[in-house]
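Taking it in order: structure first as structure tokens, then the write-up.
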Amino acid sequence: MDIAGFVLLQLWTATYLQNAGWLKILMVAYFFGSFLNHNLFLAIHELSHNLAFSTPVYNRWLGIFANLPIGVPMSVTFQKYHLEHHRFQGVDGIDMDIPSLTEANIVTNVVAKFIWVIFQLFFYALRPLFLKPKPPGMWEFVNLIIQLALDAAMVYIWGWKSFAYMILSTFVGGGLHPMAGHFISEHYVFKPDQETYSCYGPLNLMTWSVGYHNEHHDFPRIAGNKLHKVKEIAPEYYKNLESYRSWSQVIYMYIMDRTVGPFSRMKRKLSTKATKKTE
């Protein structure tokens with residue numbers, strides 16, 4: 001199903017649940033809506049690389065559309081920070097995918113990591129705003145206005161429960177959820193000297209093949225549905241790398257392994273040449 005199909009299905013589900021009980025809303029959000037919203041989040045990831053259209057502005061408009069059921073405007077801002085993650089991967093203070101020092105100092109035991117995983121989407125979304133805020137541009141205001149208009153219409157016509165369903169789908173889908181395991185599996189170091197990891201499990205079918213993460217970082221201009229061909233064409237570059245089959249297993253390993261936490265990331269210094277380019 002394409003982006004439009006997922007957007008319309010999720011919005012219809014939200015209106016369908018306008019008079020449902022809160023337990024039903026939570027259950028549908030976790031076992032159904034979370035998969036749709038996380039799929040759309042990863043569609044936005046694809047669009048941030050301009051992989052749907054050759055004209056960037058078309059990708060931006062489609063990203064804003066894909067953003068609608070997520071409930072919170074993030075498409076345009078995500079692109080700004082995510083492209084820096086690719087260009088300056090592991091550079092502390094620039095790559096906002098790296099947890100903050102505060103996270104590393106607080107999240108040091110099984111209980112803290114369990115809570116951190118539940119709320120990891122908040123850390124992922126708010127970390128850049130605190131550590132490296134960027135002034136909003138015109139497109140962010142467009143994203144904001146369109147999103148707020150949809151949210152307001154949802155509340156006005158169908159009520160707060162419909163809007164709450166969308167927000168819950170986003171929240172639970174980014175926390176203790178099988179699809180959210182990719183946040184951890186991609187760059188958290190479980191094996192010394194390996195910075196990026198791929199996951200070749202079946203959930204790639206629902207996540208724009210984001211699990212092919214080594215392949216994605218090597219070739220960010222190749223669409224997710226073609227990344228498996230990269231591995232097939234050049235197996236000698238990937239077959240000896242540590243990889244996973246299950247994001248749920250990665251979440252369990254992350255929580256239970258006392259040697260792994262937010263501090264388990266490779267960092268590098270920004271080169272003088274790169275510094276001049278950013279000035």
Side-chain angles (χ1 to χ4, degrees), residues 1-14 29 33-87 95-97 120-155 163 165-175 177 179-180 182-183 186 206-210 213 216 220-225:
M1 186 181 292
D2 59 12
I3 292 173
F6 277 111
V7 169
L8 295 175
L9 178 58
Q10 183 68 324
L11 293 179
W12 177 85
T13 305
S34 59
F35 289 91
L36 298 184
N37 274 15
H38 207 99
N39 174 281
L40 291 170
F41 175 80
L42 293 171
I44 289 170
H45 166 257
E46 288 277 291
L47 294 166
S48 73
H49 289 281
N50 297 318
L51 294 174
F53 303 101
S54 58
T55 304
V57 70
Y58 296 161
N59 291 280
R60 185 159 289 180
W61 277 116
L62 186 55
I64 292 172
F65 174 71
N67 197 152
L68 293 177
I70 292 174
V72 179
M74 48 73 63
S75 176
V76 176
T77 303
F78 172 80
Q79 183 183 40
K80 292 167 68 172
Y81 287 103
H82 182 68
L83 295 183
E84 284 190 343
H85 162 64
H86 275 266
R87 186 178 178 187
D95 180 3
M96 289 295 103
D97 193 68
Q120 67 177 319
L121 194 61
F122 283 101
F123 292 107
Y124 191 83
L126 298 177
R127 188 185 301 134
L129 303 182
F130 284 97
L131 299 183
K132 194 186 179 188
K134 294 176 179 287
M138 181 197 73
W139 279 103
E140 280 162 307
F141 284 110
V142 171
N143 193 182
L144 174 67
I145 292 169
I146 291 176
Q147 188 64 55
L148 289 181
L150 183 279
D151 294 347
M154 184 68 68
V155 173
F163 176 67
Y165 164 75
M166 295 196 306
I167 297 297
L168 279 172
S169 295
T170 299
F171 171 66
V172 299
H177 189 278
M179 290 175 76
H182 77 86
F183 288 126
E186 291 168 357
M206 300 183 64
T207 56
W208 303 85
S209 294
V210 74
H213 213 68
H216 170 60
R221 288 293 296 156
I222 294 180
N225 63 358

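Each residue takes its place number in the sequence, starting with 1.
- One finds the CE atom of Met154 at 9.0 Å from the CG atom of Leu68 (value rounded to the nearest 0.5 Å).
- Atoms CZ and CG, on Phe41 and Leu121 in that order, are 6.5 Å from each other to the nearest 0.5 Å.
- Of all heavy-atom pairs spanning His85 and Asp95, the tightest one is ND1-OD1, 2.9 Å.
- Arg221 places a side-chain N or O within donor-acceptor distance of the main-chain N or O of Asn50, the cut-off being under 3.5 Å.
- The OH atom of Tyr165 sits 9.5 Å away from atom CG of Leu168, with the distance rounded to the nearest 0.5 Å.
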**OP:** Any chance you could lay out the ring pair (Phe, Tyr, Trp, His ring centres under 6.0 Å) test for His45 and His182, step after step, and finish with the verdict?
**Re:** CA-CA 13 Å; His45 166 257; His182 77 86; 8.2 Å; no
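- For the residue pair Ala14 and Met166, the shortest heavy atom distance occurs at CB-CG, 4.0 Å.
- The CG atom of Asp151 sits 11.0 Å away from atom CD1 of Ile70, with the distance rounded to the nearest 0.5 Å.
- In terms of modelled atom types and a separation under 3.5 Å, the side chain of Asn59 and the main chain of His49 share no donor-acceptor contact.
- For the pair Asn67 (side chain) and Ser75 (backbone), a donor-acceptor distance under 3.5 Å is present.
- Here the closest non-hydrogen pair linking Ser34 and Val172 is CB-CG2, 3.9 Å.
- Contact between Ala180 and Gly174 at its shortest, heavy atoms only, is CB-C, 3.6 Å.
- In terms of modelled atom types and a separation under 3.5 Å, the side chain of His177 and the main chain of Met179 share a donor-acceptor contact.
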Subject >> Evaluation steps, salt bridge (Lys or Arg N to Asp or Glu O under 4.0 Å), between Glu140 and Lys134 >> reply: CA-CA 11 Å; Glu140 280 162 307; Lys134 294 176 179 287; over 6 Å; no
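- Here Phe65 contributes atom CZ and Ile3 contributes atom CD1; the two are 8.5 Å apart, rounded to the nearest 0.5 Å.
- Here the closest heavy-atom approach between residue Phe163 and residue Val155 is recorded as CB-CG2, 3.7 Å.
- Considering every non-hydrogen atom in both Ala66 and Ile44, the closest pair reads CB-CG1, 4.0 Å.
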**OP:** Go through Asp97 and Phe183 one step at a time and tell me if the side chain to side chain contact (heavy atoms under 4.5 Å, CB included) criterion holds.
**Re:** CA-CA 9 Å; Asp97 193 68; Phe183 288 126; 5.9 Å; no
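- A tilted orientation is assigned to the rings of His216 and His213, their planes being inclined by 30° to 60°.
- A side-chain donor-acceptor contact under 3.5 Å links Glu46 to the backbone of Gly224.
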**OP:** Step by step, work out the side chain to side chain contact (heavy atoms under 4.5 Å, CB included) result for Met74 and Thr170.
**Re:** CA-CA 12 Å; Met74 48 73 63; Thr170 299; over 6 Å; no
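- Rounded to the nearest 0.5 Å, atoms CG (Leu9) and CH2 (Trp12) are 7.5 Å apart.
- No side-chain heavy atom of Leu47 sits under 4.5 Å from any side-chain heavy atom of Trp208.
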**OP:** Would you sort out whether Val72 and Phe171 count as a side chain to side chain contact (heavy atoms under 4.5 Å, CB included), showing the intermediate values?
**Re:** CA-CA 11 Å; Val72 179; Phe171 171 66; over 6 Å; no
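- The backbone N or O of Met206 lies less than 3.5 Å from a partner atom in the side chain of Asn39, making a donor-acceptor pair.
- A distance-only check finds a donor-acceptor pair linking the side chain of Tyr81 to the backbone of Lys132 [under 3.5 Å].
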**OP:** In sequence, state the C-alpha distance, the side-chain angles, and the governing distance for Tyr124 and Phe78, and then conclude on side chain to side chain contact (heavy atoms under 4.5 Å, CB included).
**Re:** CA-CA 10 Å; Tyr124 191 83; Phe78 172 80; 3.8 Å; yes
